[in-house]
Trainee: 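My questions will all concern the structure given below.
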Amino acid sequence: MSFAATIVLVHGAFADASSWHPVTARLLAKGYRVVAPPVFNRSLSADAAYIRSFVEQIDGPVLLAGHSYGGAVITVAGMADNVVGLVFVSGYALEEGESLGQLQGGFPDSELAANLVYTSYPTANGEPGTDVSVDIEAFRDVFAAGLDTARAKVLAVSQRPLSAIAFNEPASVAAWKTKPSWGIVSSADRTINPDVERFGYQRAGLRSVVEIDAPHLVMQTHPDEVVTVLTDALAELA
């Protein structure tokens, strides 16, 4: 490799870093530097601040990739000085001042909207917060389509909820305005309306957008194609 950058893989809501496993394994086997940190899914500002801090402690340039809600996270965290590029994977490319809810509100709901579960959690100020997760019975069809039933069941019962706060919190910045960016649209996505992905990417003027006939967890069902997008981005940066 002529460009020694670290690839940082940021997971989204209702998942954890293991959602990137097939891609992570392939990148490591090819000799790339790669890390997949946790996202705590508490708020866009807090999650982006954590990922930015994580990235800034990496020595050298970073290619930041975000899946789903992770796309919103890298939109903000990507302002770190050592981030040289962004890759949105079935994700949200927010405009500065825009929230997830605002971007999604311009398009018909995906199947996810009717299959969300709301539960409370304690907060430091004493007011209960609201966690949002995917109904376990609907999880495979809505979120993990394309995976075998046994694998989907494990993911369903180990999903990481997203705080409702994150849906309405606006992005403080949009790193794609100053950082080269690429995108993957999952054209069979049932979690995010694919048109939400297309619109965000077109508005951001991404260098290239690849459409894959894949469900939301494209990293699991089409890892080779995702790896190609990531490594091609690195080659272009070089």
Side-chain angles (χ1 to χ4, degrees), residues 7-30 32 34-39 41 63-74 86-93 104 107 109-116 133-162 181-198 200-201 206 208-234:
I7 301 173
V8 176
L9 304 173
V10 180
H11 69 82
F14 322 128
D16 59 25
S18 67
S19 62
W20 282 102
H21 177 270
V23 169
T24 306
R26 283 164 171 77
L27 290 171
L28 290 172
K30 291 176 180 290
Y32 288 92
V34 57
V35 286
V39 180
N41 292 352
L63 178 67
L64 198 52
H67 174 250
S68 191
Y69 169 65
V73 174
I74 70 169
L86 308 171
V87 179
F88 295 88
V89 180
S90 312
Y92 297 99
Q104 290 188 142
F107 299 87
D109 285 341
S110 69
E111 295 178 40
L112 176 70
N115 292 282
L116 294 175
S133 59
V134 183
D135 180 81
I136 289 176
E137 297 303 318
F139 190 90
R140 181 171 185 262
D141 289 340
V142 172
F143 190 83
L147 302 187
D148 65 78
T149 301
R151 172 66 175 153
K153 284 183 176 179
V154 171
L155 294 178
V157 300
S158 57
Q159 61 182 292
R160 183 188 290 271
L162 177 66
S181 303
W182 295 260
I184 294 174
V185 172
S186 290
S187 60
D189 202 328
R190 297 178 181 176
T191 301
I192 300 176
N193 183 331
D195 285 338
V196 173
E197 300 166 22
R198 295 183 184 106
Y201 298 169
L206 303 194
S208 68
V209 175
V210 175
E211 291 237 1
I212 302 175
D213 184 15
H216 189 60
L217 288 177
V218 61
M219 319 92 72
Q220 297 263 335
T221 61
H222 295 70
D224 291 326
E225 289 92 328
V226 175
V227 167
T228 295
V229 171
L230 293 169
T231 55
D232 283 355
L234 281 182

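Just so you know, these numbers come straight off a predicted model, no measurement behind them.
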Trainee: Tell me which one of T24, T228, L27, V23 satisfies side-chain contact (heavy atoms from CB on, under 4.5 Å) with P223.
Mentor: V23
Trainee: What residues form a side chain to side chain contact (heavy atoms under 4.5 Å, CB included) with S110, not counting sequence neighbours?
Mentor: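 In terms of side chain to side chain contact (heavy atoms under 4.5 Å, CB included), with neighbours along the sequence ignored, S110 is linked to L112.
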Trainee: Under the side-chain hydrogen bond (donor to acceptor under 3.5 Å, both in side chains) rule, collect the residues that match up with D195, sequence neighbours excluded.
Mentor: R198
Trainee: Salt bridge (charged side-chain N to carboxylate O under 4.0 Å, His left out) with R26: which residues, sequence neighbours excluded?
Mentor: D224
Trainee: Residues in ring pair (Phe, Tyr, Trp, His ring centres under 6.0 Å) with F139, at least two apart?
Mentor: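 Counting only residues at least two positions away or on another chain, F139 forms a ring pair (Phe, Tyr, Trp, His ring centres under 6.0 Å) with F143.
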Trainee: Identify, with sequence neighbours excluded, every residue that meets salt bridge (charged side-chain N to carboxylate O under 4.0 Å, His left out) alongside D135.
Mentor: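 Expected list: none.
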Trainee: Please enumerate all residues that pass salt bridge (charged side-chain N to carboxylate O under 4.0 Å, His left out) together with R151, with sequence neighbours excluded.
Mentor: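 Scan of R151 (salt bridge (charged side-chain N to carboxylate O under 4.0 Å, His left out), adjacent residues dropped) gives none.
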Trainee: So do the side chains of V229 and I212 get within less than 4.5 Å of each other, counting heavy atoms only?
Mentor: no
Trainee: Restricting to non-hydrogen atoms, name the atom on L162 and the atom on A13 that form the minimum distance, rounded to 0.1 Å.
Mentor: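 Looking at all heavy atoms of both residues, the shortest contact is CB-CB, 3.8 Å.
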Trainee: How close do G66 and I74 get, heavy atom to heavy atom, and via which atoms?
Mentor: N-CD1, 3.5 Å
Trainee: Please walk me through it: do D109 and N193 pass side-chain contact (heavy atoms from CB on, under 4.5 Å)?
Mentor: CA-CA 7 Å; D109 285 341; N193 183 331; over 6 Å; no
Trainee: Residues two or more places apart in sequence or in another chain: which of them pass side-chain hydrogen bond (donor to acceptor under 3.5 Å, both in side chains) with H216?
Mentor: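 Partners of H216 under the side-chain hydrogen bond (donor to acceptor under 3.5 Å, both in side chains) test: S68, D189.
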Trainee: side-chain contact (heavy atoms from CB on, under 4.5 Å) for I184 and E225? Distances and angles first, verdict last.
Mentor: CA-CA 10 Å; I184 294 174; E225 289 92 328; over 6 Å; no
Trainee: Can you see which heavy atom on S186 is nearest to which on P194, and at what distance?
Mentor: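 Shortest heavy-atom separation between S186 and P194 comes out as O-CG, 3.5 Å.
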Trainee: Nearest 0.5 angstrom please: F14 CZ to T191 OG1, how far?
Mentor: 8.0 Å
Trainee: Return the minimal non-hydrogen interatomic distance between G12 and N41, and the atom names on each side.
Mentor: O-ND2, 3.8 Å
Trainee: Apply side-chain contact (heavy atoms from CB on, under 4.5 Å) to residues L9 and L230 and explain how you reach the verdict.
Mentor: CA-CA 10 Å; L9 304 173; L230 293 169; 4.1 Å; yes
Trainee: Can you check whether L217 reaches H67 side chain to side chain, under 4.5 Å on heavy atoms?
Mentor: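 Counting from C-beta outward, L217 and H67 do come under 4.5 Å.
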Trainee: Below 4.5 Å, heavy atoms only, C-beta onward: do V34 and W20 meet side chain to side chain?
Mentor: no
Trainee: Looking at residues at least two apart in the chain, or sitting in another chain, which of them share a side chain to side chain contact (heavy atoms under 4.5 Å, CB included) with A152?
Mentor: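 Listed in chain order: R140, A144.
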Trainee: Go through it in stages, so that I can follow the logic: the residues are Q104 and Y92, the test is side-chain contact (heavy atoms from CB on, under 4.5 Å), and I'd like the CA-CA distance, side-chain angles, deciding distance and then a yes or no.
Mentor: CA-CA 9 Å; Q104 290 188 142; Y92 297 99; 2.2 Å; yes
Trainee: Please report the interatomic distance CD1(I192) to OH(Y69), rounded to the nearest 0.5 Å.
Mentor: 12.5 Å
Trainee: Restricting to non-hydrogen atoms, name the atom on I136 and the atom on Q159 that form the minimum distance, rounded to 0.1 Å.
Mentor: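 For I136 and Q159, the tightest heavy-atom pair comes out as CG1-NE2, 4.4 Å.
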Trainee: My understanding is that only residues two or more places apart in sequence, or in another chain, count here; which of them pass salt bridge (charged side-chain N to carboxylate O under 4.0 Å, His left out) with D148?
Mentor: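 Expected list: none.
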Trainee: Is a side-chain N or O of Q220 found less than 3.5 angstrom from the main chain of P22, in a donor-acceptor match?
Mentor: no
Trainee: Kindly state each residue pair satisfying salt bridge (Lys or Arg N to Asp or Glu O under 4.0 Å) with at least one member in residues 9-19, sequence neighbours excluded.
Mentor: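 Qualifying pairs, neighbours excluded: none.
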Trainee: Would you name the heavy atoms of P37 and A17 that are closest together and state the gap between them?
Mentor: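 In this case the closest contact between P37 and A17 is O-CB, 4.0 Å.
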Trainee: Excluding sequence neighbours, so at least two apart, what forms side chain to side chain contact (heavy atoms under 4.5 Å, CB included) with D141?
Mentor: R190
Trainee: Which residues pass the side chain to side chain contact (heavy atoms under 4.5 Å, CB included) test with V209, not counting sequence neighbours?
Mentor: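 V185, Y201, L206.
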